[in-house]
Asks: 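Got a structure for you, written out below as structure tokens; questions coming shortly.
All values below come from the heavy atoms of this structure, side chains included, with hydrogens, waters and symmetry mates left out.
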Amino acid sequence: CGHYFLFMDIAFSTISTIIKTRRSTKPVAMNGKKIPDYQVESLLELADWAPTHGFTEPWRFVVYATAADFSHRHAELYKCSVAPENFQETEYNRLYQQGDKASHVILAIMKRGNLPKIPVIEEIEAVACSVQNILLGATALGIASFWSTGGMALRLPMREFLKLDEDDHVIGVLYLGYADNNPEGSQTGR
């Protein structure tokens, strides 16, 4: 009986440490080292264990095994979507280069299920929980992560690019990679 409680204390300590040490690392601070694809697949498997009302599992993920591929598309989407008088070269360049040092990009999407009795907010929350599972799993594997909603992520052109239905939403862009220096201190970002 005592071994069980010791095991539970160790398990709690481990998960507590992972939760408390998870930090956002901006993609520019990543070092370009590639994450093995099987580890990214393992993170997506963790996402599938998020709580979901009615077992709708509204999360969908689009994975770019080369983060720069997404960043280049993201920048072009910005360029094509903004009026010429509002175009900012610095924003274009920032989006274009944002994934240069990241390994993978995962687009997190809420795909509305066919159970209208379930409020949209619960579907969004389920996807946020699945994203948290990915971020915590990444921390456990020594992978740096950043959850972004910037650029075009939450805008209509991104939804159109992804061919999302009217009730579907992009929840964020996850940048994954390795960093030589991990942020310390209190949590200041996602």
Asks: Not counting sequence neighbours, list each pair that qualifies as a salt bridge (charged side-chain N to carboxylate O under 4.0 Å, His left out) and has a residue in residues 123-143.
Replies: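 Qualifying pairs, neighbours excluded: Arg112-Glu123.
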
Asks: Show me the pairs that pass ring-ring contact (aromatic ring centres under 6.0 Å, His included) and involve residues 95-117, at least two apart or across chains.
Replies: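 Counting only pairs at least two positions apart or across chains, the ring-ring contact (aromatic ring centres under 6.0 Å, His included) contacts touching residues 95-117 are His72-Tyr96, Tyr92-Tyr96.
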
Asks: Mind checking ring-ring contact (aromatic ring centres under 6.0 Å, His included) for His169 and listing every partner two or more places apart, or none if nothing turns up?
Replies: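 In terms of ring-ring contact (aromatic ring centres under 6.0 Å, His included), with neighbours along the sequence ignored, His169 is linked to no residue.
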
Asks: At their closest point, which heavy atom of Pro27 faces which heavy atom of Gln98, and how far apart are they?
Replies: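 Answer, listing the atom of Pro27 first, then Gln98: CB-O, 3.1 Å.
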
Asks: Between the side chains of Thr56 and Thr52, is a donor N or O closer than 3.5 angstrom to an acceptor N or O?
Replies: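 A pair is found: one side chain offers a donor N or O, the other an acceptor, under 3.5 Å apart.
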
Asks: Just jot down the ring-ring contact (aromatic ring centres under 6.0 Å, His included) partners of Tyr175, sequence neighbours excluded, or say none.
Replies: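 Listed in chain order: nothing, the list is empty.
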
Asks: Could you pull out every donor-acceptor pair under 3.5 Å between side chains of residues 78-89 and any protein atom, sequence neighbours left out?
Replies:
residue : atom : partner : partner atom : Å
Tyr78   : OH   : Gln88   : N            : 2.9
Ser81   : OG   : Leu77   : O            : 2.6

Asks: When rounded to the nearest 0.5 angstrom, what is the spacing between OG1 in Thr139 and CG in Leu136?
Replies: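 CG of Leu136 is found 6.0 Å from OG1 of Thr139.
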
Asks: Can you list the residues that meet the side-chain contact (heavy atoms from CB on, under 4.5 Å) rule with Ser42, with sequence neighbours excluded?
Replies: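 Result, side-chain contact (heavy atoms from CB on, under 4.5 Å) vs Ser42: none returned.
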
Asks: Can you tell me how far apart OG (Ser13) and CD1 (Ile18) are? Round to the nearest 0.5 Å.
Replies: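 Ser13 atom OG to Ile18 atom CD1 measures 9.5 Å (nearest 0.5 Å).
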
Asks: Return the CD1 to CG distance between Ile35 and Leu176, rounded to the nearest 0.5 Å.
Replies: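 Spacing of CD1 (Ile35) from CG (Leu176) equals 5.0 Å.
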
Asks: Which pairs would a plain distance check flag for residues 153-160, meaning a side-chain donor or acceptor within less than 3.5 Å of a matching protein atom at least two apart in sequence or in another chain?
Replies:
residue : atom : partner : partner atom : Å
Arg159  : NE   : Asp168  : O            : 3.2
Arg159  : NH2  : Asp165  : O            : 2.9
Arg159  : NH2  : Glu166  : O            : 2.6
Arg159  : NH2  : Asp168  : O            : 3.1

Asks: Would you list the pairs meeting salt bridge (charged side-chain N to carboxylate O under 4.0 Å, His left out) in which at least one residue belongs to residues 42-57, sequence neighbours left out?
Replies: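 Salt bridge (charged side-chain N to carboxylate O under 4.0 Å, His left out) check on residues 42-57 returns no pairs.
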
Asks: Rounded to the nearest 0.5 Å, how far apart are CG of Leu44 and CG of Asp37?
Replies: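 Between Leu44 CG and Asp37 CG, I get 10.5 Å after rounding to 0.5 Å.
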
Asks: I'd like to check the side-chain hydrogen bond (donor to acceptor under 3.5 Å, both in side chains) partners of Glu122; sequence neighbours left out, ordered by chain and number.
Replies: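 Partners of Glu122 under the side-chain hydrogen bond (donor to acceptor under 3.5 Å, both in side chains) test: His53.
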
Asks: Which residues pass the salt bridge (charged side-chain N to carboxylate O under 4.0 Å, His left out) test with Glu91, not counting sequence neighbours?
Replies: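 If we apply the salt bridge (charged side-chain N to carboxylate O under 4.0 Å, His left out) test to Glu91, skipping adjacent residues, the hits are Arg94.
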
Asks: In the hydrophobic cluster built from side-chain contacts under 4.5 Å, what are the other members alongside Val28?
Replies: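 Hydrophobic cluster check, Val28: no partners found.
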
Asks: Which heavy atom in Ala179 sits nearest to a heavy atom in Thr25, and how many Å separate them?
Replies: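 Where Ala179 meets Thr25 most closely, the heavy atoms are CB-CG2, 3.9 Å.
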
Asks: Would you mind reporting whether Leu107 and Phe61 have side-chain heavy atoms less than 4.5 Å apart?
Replies: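 Contact flag for Phe61/Leu107 side chains = no.
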
Asks: Under the 4.5 Å side-chain heavy-atom rule for ILVMFWY, direct or indirect, which residues accompany Ile118?
Replies: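 Leu115, all in the cluster of Ile118.
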
Asks: In the structure I gave you, are the side-chain heavy atoms of Val105 and Val173 within less than 4.5 Å of one another anywhere?
Replies: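 A side-chain contact under 4.5 Å exists here.
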
